[in-house]
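Remember, it's 1-based here, ligands and their atoms both numbered in the order they're listed.
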Amino acid sequence: MGFITEETIAFIEAVSIVSVETGIAAYAVGGFVRELFLGEKNEDIDITVEGDAIQFAKQVARLLNLTNVQTHPQFQTASVQAPSEGWIDIVTARSEYYPYPGALPVVKSSNITEDLRRRDFTFNAMAIPIRERKMLPLVDPFSGLKDLQKGLIRIMHPKSFHDDPTRIFRAVRYQTRLNFQLEAETKEAMQTALKANVLETISNDRIRNELIAILHEQCPNNALRLLDEWNILKYIHPGLTAVHAYNGLISQIQSSLTQFALLIPFYKIVSWEVYLLGLISILQPDDAQNFLERYHFPRSVQNKIDELRVVQERDLINILEQHDHLKPSRLVELLDGLSKETLLWLMAKVSTPQARFHISLYLRTLRHVKPQINGHTLLKMGMKPGKAVGDVLRAIRKEKLDGRLITLDDEKTYAKKWIDTYLTDGT
Ligand code: ATP
């Protein structure tokens, strides 16, 4: 069994109290149950209730003194913001049907068995009843636990991939993440669906979300290889089918990210963006343009694409690869202004250990080096407000980076000399 945090336990207790009070049955469902049986750490709990999820969520929040509840009446769902676990979803049990392949489903309120029936794979179609002081058996109408134990990915019915072709991408993720295999009939159903070109029925927005989810995985390389093996990459973009052209880069990104997670665990890095930069950087310019236009990535990605241009304009790859000795101030001049994600991409892209070391040095320490002195002190020392104040601060940072200024007094002495030499009138 996996383990869960104190906060999740408190949440489950509140759900169980509200369930008894209201007589509405509540269940932990989906990934939470799967991960629990896989013995993984589990923070992300989803709750399904056989009744009004919005009123239920409000009562749970009240009990826990949580004030932030978002409600979506049209979907009969609510999200409660827990202090450190983020948003916890409470949804009304529902059944679904797909009017045509690739369409969004039509939903109506229902019971837990019907709710589980609409899910992607049997191991995601289990529910744990939450009821105060009562141990109720696992709800597992489709033998998901058996499949989980055998390491099998099994769809719920033969037309599942036709109903929702994004399940093909989900299967790729589970196969690579859990090292599971497609059960024989599921494999056949997937092949039939792919032959019928079902992936052409889903919107670019949904494909983009699936691609992001794949790049979010621990080892996206394995998932990309599997997508290639199943002949699916062409649906994302034909330019991505030459997997061998970027396998090395993606592996290198993976090691840069792992190294950074170990060295600086508190660093927040959006890893999927680093992988995405890896993919975009290997596309031909026309393909890259077309790829970006097709998928409308968030603004944060566009900013990083602009940074790739800066990398080119500053000729950073050549400079870093050709110079084994770069002064810290020169490194800062070269790399300042680039995001952590672009720098990690660059670290994977350069081919020499010394270039990698230089980027790592910048990321870990140099980018944080700032003068202790500030503009205020410079004004007190006789400078007038204006551009020159920034110039002096930059000059001090440069000296400090190269180890020529250590203490605050060193900085003050240097500033005084600078003012006396260049700014006879203090401007
Ligand atoms: P993870 O986030 O680790 O990939 P998860 O199981 O939490 O796993 P979510 O994408 O958060 O995945 O989905 C939650 C649950 O909703 C799943 O466990 C599954 O039961 C159901 N689900 C999600 N997407 C689909 C889909 N396309 N078709 C059917 N059921 C789905």
In the protein, which heavy atom is nearest to [atom], and how far is it?
{"atom": "atom 28 (N) of ligand 1", "value": "R167 NE, 2.8 Å"}
{"atom": "atom 14 (C) of ligand 1", "value": "D46 OD2, 4.1 Å"}
{"atom": "atom 24 (N) of ligand 1", "value": "R170 CZ, 3.2 Å"}
{"atom": "atom 6 (O) of ligand 1", "value": "R34 NH1, 2.9 Å"}
{"atom": "atom 15 (C) of ligand 1", "value": "R119 NH1, 3.7 Å"}
{"atom": "atom 4 (O) of ligand 1", "value": "R177 NH2, 2.9 Å"}

Counting C-beta onward and ignoring hydrogens, is there a side-chain heavy-atom pair between I90 and F11 closer than 4.5 Å?
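Result yes, sub-4.5 Å side-chain heavy-atom pair found.
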Would you say [X] contacts ligand 1, with heavy atoms under 4.0 Å as the rule?
{"X": "R118", "value": "yes"}
{"X": "D44", "value": "no"}
{"X": "F32", "value": "no"}

Which ligand 1 atoms, with their elements, are less than 4.0 angstrom from a heavy-atom of [X]?
{"X": "T166", "value": "27 (N)"}
{"X": "G30", "value": "18 (O)"}
{"X": "Y174", "value": "4 (O), 5 (P), 6 (O), 8 (O), 12 (O)"}

Check this for me, if you would: do [X] and [Y] make a salt bridge, where the nitrogen-to-carboxylate-oxygen distance has to be below 4.0 angstrom?
{"X": "R206", "Y": "D164", "value": "yes"}
{"X": "D147", "Y": "K150", "value": "no"}
{"X": "R397", "Y": "D336", "value": "yes"}
{"X": "D391", "Y": "R394", "value": "yes"}
{"X": "D120", "Y": "R167", "value": "no"}

Determine the interplanar angle of the F291 and Y295 rings, folded into 0 to 90°, and report it as parallel if under 30°, tilted if 30 to 60°, perpendicular if over 60°.
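F291 and Y295: perpendicular rings.
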From atom 27 (N) of ligand 1, work out which of L178, D164, I155 has a heavy atom at the shortest distance.
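Closest candidate by heavy-atom distance is D164.
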Could you grab the distance from atom OG of S160 to atom CZ of R118, nearest 0.5 Å is fine?
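Rounded to the nearest 0.5 Å, the OG-CZ separation comes out at 12.5 Å.
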Any chance you could measure E217, atom CD, to I214, atom CD1, to the nearest 0.5 Å?
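Taking CD in E217 and CD1 in I214, the distance rounds to 8.0 Å.
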Please state which part of H216 comes within less than 4.0 Å of ligand 1, counting heavy atoms only: side chain, backbone, both or neither.
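H216 to ligand 1: no contact under 4.0 Å from either part.
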Can you tell me if Q76 uses its side chain to pair, donor with acceptor, with the backbone of A53 under 3.5 Å?
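No, because the side chain of Q76 does not come within donor-acceptor range (under 3.5 Å) of the backbone of A53.
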G31 N/O to ligand 1 N/O under 3.5 Å:
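The answer is yes, given that G31 and ligand 1 share an N or O pair closer than 3.5 Å.
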Does any N/O atom on D120 come nearer than 3.5 Å to any N/O atom on ligand 1?
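Between D120 and ligand 1, an N or O pair is found under 3.5 Å apart.
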Ring center gap for F37 and F123 short of 6.0 angstrom
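Not under 6.0 Å, so no.
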Return a yes/no value: protein heavy atom under 4.0 Å from atom 10 (O) of ligand 1?
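Under 4.0 Å from atom 10 (O) of ligand 1, at least one protein heavy atom found.
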